[in-house]
Each structure stands twice: as C-alpha cells, then as structure tokens.
K.L.:
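Before I ask anything, let me first share the structure, which is written out below as structure tokens.
The figures that follow rest on heavy atoms only: side chains count, while hydrogens, waters and symmetry mates do not. Every chain is numbered from 1 and lettered A, B, ... according to where its sequence line falls, protein lines coming before strand lines.
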Number of protein chains: 6
Amino acid sequence: MGEENCTLTRIYYFSAAHRLHNDKFSDKKNKKIFGKCNNPKGHGHDYYVELSVKGAISPDTGMIINIEDLDGVAFKIIDKLDHKRLDVEIEYFTKVNASGENIAKYLWKRFIDEIPSPAFLFHIRLWETSENFFDYKE
Amino acid sequence: MGEENCTLTRIYYFSAAHRLHNDKFSDKKNKKIFGKCNNPKGHGHDYYVELSVKGAISPDTGMIINIEDLDGVAFKIIDKLDHKRLDVEIEYFTKVNASGENIAKYLWKRFIDEIPSPAFLFHIRLWETSENFFDYKE
Amino acid sequence: MGEENCTLTRIYYFSAAHRLHNDKFSDKKNKKIFGKCNNPKGHGHDYYVELSVKGAISPDTGMIINIEDLDGVAFKIIDKLDHKRLDVEIEYFTKVNASGENIAKYLWKRFIDEIPSPAFLFHIRLWETSENFFDYKE
Amino acid sequence: MGEENCTLTRIYYFSAAHRLHNDKFSDKKNKKIFGKCNNPKGHGHDYYVELSVKGAISPDTGMIINIEDLDGVAFKIIDKLDHKRLDVEIEYFTKVNASGENIAKYLWKRFIDEIPSPAFLFHIRLWETSENFFDYKE
Amino acid sequence: MGEENCTLTRIYYFSAAHRLHNDKFSDKKNKKIFGKCNNPKGHGHDYYVELSVKGAISPDTGMIINIEDLDGVAFKIIDKLDHKRLDVEIEYFTKVNASGENIAKYLWKRFIDEIPSPAFLFHIRLWETSENFFDYKE
Amino acid sequence: MGEENCTLTRIYYFSAAHRLHNDKFSDKKNKKIFGKCNNPKGHGHDYYVELSVKGAISPDTGMIINIEDLDGVAFKIIDKLDHKRLDVEIEYFTKVNASGENIAKYLWKRFIDEIPSPAFLFHIRLWETSENFFDYKE
C-alpha cells in the first residue's frame, strides 16, 4: 500500500443543543443518571471535531488529500448537526442518546465512506467542552 | 479611596441552549436576520465568563477579594443559567433575545450588587464560541 | 448617544509572509536591527485579528451588529492580505515595514470607515505568534 | 507626544512555588483565609506574564521597541523569580504575600523604570492558572 | 468484549511544588543534571491531567462511564497532590523524583484499579507547562 | 528492553514562508490544486512542533531524557527552518513541496538519528495553523 505514515487532522466546529434522556427510565432515574443534562428544554455546546485522515503523501502534490476536498465532505456532514437540537431533529439521535460518545460514533459512521481515496478516515475526536473530549476509531 | 490598580479575573463556565427570535418580525424576516440561530428547536454553546473585579489589595492578605467568596457569589448567579434553554426558562430572556450581548449585560446586572466590598465589579467578558466574545461594562 | 456599554469581538485569520527591512539602512544595520526577520526570502506567520466593534444593543435583535454583516466587511479587508508576501504585494507595506505594529495600524485604517453604523470600530488586536500581539486604537 | 496608539505585548513564563500566610493571624485564621494555599511546604504555579509596552511606532523600523531589547530587560527581571520559592527567597515577598495581586504589582514596580524610552510600560497581566489572572496598571 | 472503540477524556487540575534531586549525587552533579529544578526551596507548576478511560458505550445511557462517577474517583486521587510539595509530602515521591514522567506513572498506578468497570483506564497525559507534557500507558 | 511506557513531548516553534507548486503542472493546474498557496511570492505560518520521545524512566533522575539535551538537538534542527522561505532556501524542499505533510516527514528524518539513546524518537506533530495539524511516525 505504499507509505502511510502521515495523518492530516483538520478541526471543524458546530453548535448544537441536546438533552440526555431514556424513555425506559423513570423520571427519577433519568434525573439521577443524567443530572442537569436531563433538563427537558435542553442545553448546548460548542462542539469541535478533529477529523484525521491517513494516506500516502502524493509525490506530485505533497499532500495526503487536498484540504478543499476534505472541507467539501466535512461541511456537508457537519452542517446537518449545526444549530440543531440533536435529540429532536436528527433521526439517529431520536434512537440513541446524543452523548459525546454517540456523536463521535455518528461522525465516524458518516465519514467512513466519504473520504476520497486513497486517503481514508483514521480517527475522530470530539470536544464537548474545554474539559471533555471523546475519541472514536473502529 | 486608596490604591485600586489591580483587577482579579476569574473564568466561569456554563452550557446553555437558546434561540434568537423576535415575535414582531415575520418568519421570513426572523430567518433573514437570525439565520440558523432562529431554529425553533434551539442550538447551544459552551459559555465562558471572565468576571473581573477591582479593588485595593489588602495589606493583610495580599488579595483584592478572597476567591472562595467570589466563587460563592458567581456560582449562584451562573448556576441559574447552566444547562438551561435561556429564551424559554430564564424570565429575563423571554423579553429580550438571549444574544451574547444581552447575556453579558444580564451578567453585569446580576453581579453589580453582589461583589463583596471593598471589591467591586469591573468588567464582564463572555465567550460564546472560540471565535466570538462580548465585553460589557457600565 | 444611548447605551454603548458593549463590544462584540470576532476573530479572523490570515496567513502571510513578510520581510523587515529599511533601504536607508546598511546591510549590517538591517541585520542588526531586524535579525532573522531581515532574511531577503521572507518568513511568515499565522495572523489572528481580534476585531472589536462597539455600539448600542438593538432592542429588536439584541445585537450590536449582525455578525454576517461584520464578516462581509472583514473578509473583504482581510482577504487582501491573505496568502500574500506583504512587503512586496501590498502597496502600503512597500512604504512602511510590515511589522506587527504597522499591520495593526493598517487594519485600523481600513476598518474605520467600513463598520456599518450605528456600530463603530473600537479596537484591533493582532496576534503574530502565540507569544506576541499588538493592540491598536485611535 | 506624537502618535501613541499602539501597544506591543509579549508573553513570558516562569515557574515558582509560594505559600500564602500572615504571621499576625492565628493558625486557624490563616487556614480559614488562605485554605490550601497556606500549606507550609508550599505549592506552585506556571506563571505567564503578558508585558505590554506602548509608544510611537518608529517610522524607520515600524516598531515601538525592538523585541530583543525588551527580552533583554524582561529576562533579567523574570529570571529572579523563576524556579524560586517566592515567599522565602525573594525579599519583597517576605514582607507581603506572594499573591497573584502582589506579584503583578511587583512586576509593575520592577519594569516601570526599565523599558527603554521612548517606549514605556503600559500594562501587566499575570496568569496564575488557566482560570485566573491579575491585571496591574498605575 | 463488545464494542470498545471509544474513549472519554476528562481534564483535571492540580497545583504543586517540587524539587528534583538525588541524594546519591554530589551537589555539583545535582546542579548539573537538574539545573534550576534542583533549587532546595522548590518551585512549582499548574499540572493538567488528561485522564482517558475506554469501554463499551452503554445502549441505555450512551455513556462509557458516568462523568460524575469518574469525577468522584479522580478528585480523591488528585486532591492528595493538590497544593502540596510533592517530594516532601507525598511518600511515593520521597523515593523517586517528582519528575513529570514519575507523576504520570504515579497517576497511572493510582487510577488503574479505581475506574468502575466495565470502563477501564486507557491513558494518562500530564501537562507540566504549556510546552511540556508526558504520556503514560502500560 | 525494560519499561518504556512513557513519552515526553516538548513543543518547539518556528516561523517560515513557503509556496506550494509543481513545475510539471501547468499554471492553471497549479492554481487549481494549490489555490492561494500557489502565490509565487509565498505566504507563511507559525509552525509548532510537538516532538515526542520515548524511553525507560531513569531510576536515578526520574527522566526519559534531560530536557536540556533534547533542546540542544531540537534547536539545531529547527533553527535551520526558522525564518526561512522553505521551498527556496532548504534544499530538501526544492525537490518536494513544503507541505505540512512533507515538513513533518522532514522533521522525522532529521530527528530519527539524533535523539540521545536510550531515548528514541516516537512521534512528530506539526501544527500549521490552529485548525490544521500533521502527525508523522514510521
């Protein structure tokens, strides 16, 4: 497969609201487990996504991937989440909690088939606050 | 009034959702002016507050104010906004938009009478995203 | 003039190369004063601009200025510097050194008449590296 | 005095230990006021100093001050604090608490007469942790 | 073992003083090897710990671990170091130097048996200054 | 090989200009692929290098490597790039594009034989802007 020692990581941003909740739990249990994140009206975060792709460095361009091409793919996927109430407006998160873990997983599932080859998706990091982040990699 | 050359700034955090909207505007005008921020289901941010207080440095303690005392005041005010949908759950923001400008002003109005003297409120900075902040000072 | 207690600051980015040099100085003096920054082939920086505007908060929108309008103005001014060799390609910097001080001043001169009223330009901060910044305000 | 609209700020670093304590207080009062910071063995911080100088921009160099000259002054003053136990090894802090407030004031007093004219000291900001900073300006 | 593709990282903080020294070395050798860090009175740092835990994402909660539970564990371990002179007050560091390397290792040893299963400790990163960090993982 | 569970990472800085270009491409193709980065006069960045070395923790010093020794090696390698126009002044980049990918690879090739054993080079991360970084590891 040639030389694949390098990754490019680019940072994207979206803003979203969410509520953590499980219909199968009692109100009391929801409150106990999710605390303030269970507030029915929601709360929100500035999410920063570190999208890492790997691949051989092209001898012609010096690049793994053209950043403009990567941005094109990324904006389409991230814009769907931007300025949304995730657990209400994104079908995926009507079925599983819009936790940091699941948003990172969702991004992995969306990006995995979209990175133009020969580059490929390597890693997703999602910052939820400046004190919290989630890494996802299959 | 003695020597008041020093300020202490401490950074607090809250997470909240909001929607920007004006009932007096048509749907079209709301969309035009507020863009994605007009999404009815809301979106959210990680807000960072830089709270600055000024005052003479006490010769006994070397402090303008005891940080524990400042934290006591700050947590009470900031916890009211934390993990809330601001335009729905905070009465103040049912009347004016929960824009960064107005949240900064709201914080000023709440803090102005609460800083234990001889320290006094000097400045509020509110970060809404890592590319945007608001300063408020009367 | 009403209530003007609030500023909005937004952070913009550009990448540029420059060389510090004074034709009136000898080579030796240029080297002594500007050191590595006098390298004829140039070097470069990631410049971050904190653009602050002040104004009354509109009771209708909660805003000092619509960020989309501010971005429209800012991108036009900043794109002229982006990915350029400043001392060669920007006429202003063929006459004065493209130092951090002068770039901050240049930005002030460009922005001062472009901010849509009733908002007005309040302050420019230019980061040249993570250990250096310049503030400009007339 | 000519055009003095610009400041240059440069960030310096030192690491130091300190203990907050007042001999005139009882042990109990020291503990109550200074909390964990009263630990007799000391604790420590990574201090970041934002040193701001103001002055006219030289038409010959485009600079307020040559950064190398500023560094020369700054390293001499900051090295005296670096890797020290402040309240024990720096005479100034054997008399007043080595609080953030007083360290900022100490730096002001040291720098005020040392900035080569026509530049002059404008502002000191001292970060004690990433959630705390002190501004000093006479 | 199910799906373990995700890690949660949370950032904790403590402030401490230390001195690097080896009793078996001569004074001269201690000074040569440890430089300013050998100062007998100590110096200090703001330490930031990135604690990463891995585990399956619970289908009920969307979480690897409840952050409140993680905080409970972490605060107990980190509070023991907070506002201490490490090489004097923490028994572990009376025997080995309180270097960044050894503090990271110490944290690994403390956390390894304390993360509530099915989550497990994955990685420790310790920032000693903003230009230095240590990673530890067995 | 004993215990090699720890890495030390230290962050270095350089400023450089570059132009992305391929002589074998037409002007139109160069412009299409490299966009603004193809500007003949160049542009520039503040590059931050995270240099990670791994190795056993010495029982005598608590260190993987003495940071002064690492700095000695690093400054020699990084100073060659500092304040340079990379694609013109550094022979390596007259043959391959001075892309982030290739600069990271170049640093790996330079550092691989220079880290004093028993420590060894583990990882290179190169930040080109605050939204972009490259990892390299063979």
K.L.:
What residues of residues 87-101 of chain D sit under 4.5 Å from chain E when you count only heavy atoms?
P.N.:
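From residues 87-101 of chain D, the residues near chain E are D:Val88, D:Glu89.
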K.L.:
If you check every heavy atom in residues 13-32 of chain D against those of chain E, which residues fall under 4.5 Å?
P.N.:
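Those residues of residues 13-32 of chain D which have a heavy atom under 4.5 Å from chain E are D:Tyr13, D:Ser15, D:Ala16, D:Ala17.
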K.L.:
Pull out the residues in residues 41-54 of chain D that come under 4.5 Å of chain E, heavy atom to heavy atom, sorted by number.
P.N.:
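The list, in residue order, reads D:Lys41, D:Gly42, D:His43, D:Gly44, D:His45, D:Asp46, D:Tyr48.
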K.L.:
Extract all donor-acceptor atom pairs below 3.5 Å that involve side chains of residues 111-119 of chain D and protein atoms in other chains or at least two apart in sequence.
P.N.:
none

K.L.:
Out of D:Arg85, D:Lys36, D:His83, return the one with the most heavy atom pairs under 4.5 angstrom to chain E.
P.N.:
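The candidate making the most pairs under 4.5 Å is D:His83.
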K.L.:
Surrounding NZ of D:Lys137 (heavy atoms of other residues, nucleotides or ligands, distance under 6.0 Å), is the total greater than 12?
P.N.:
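Yes.
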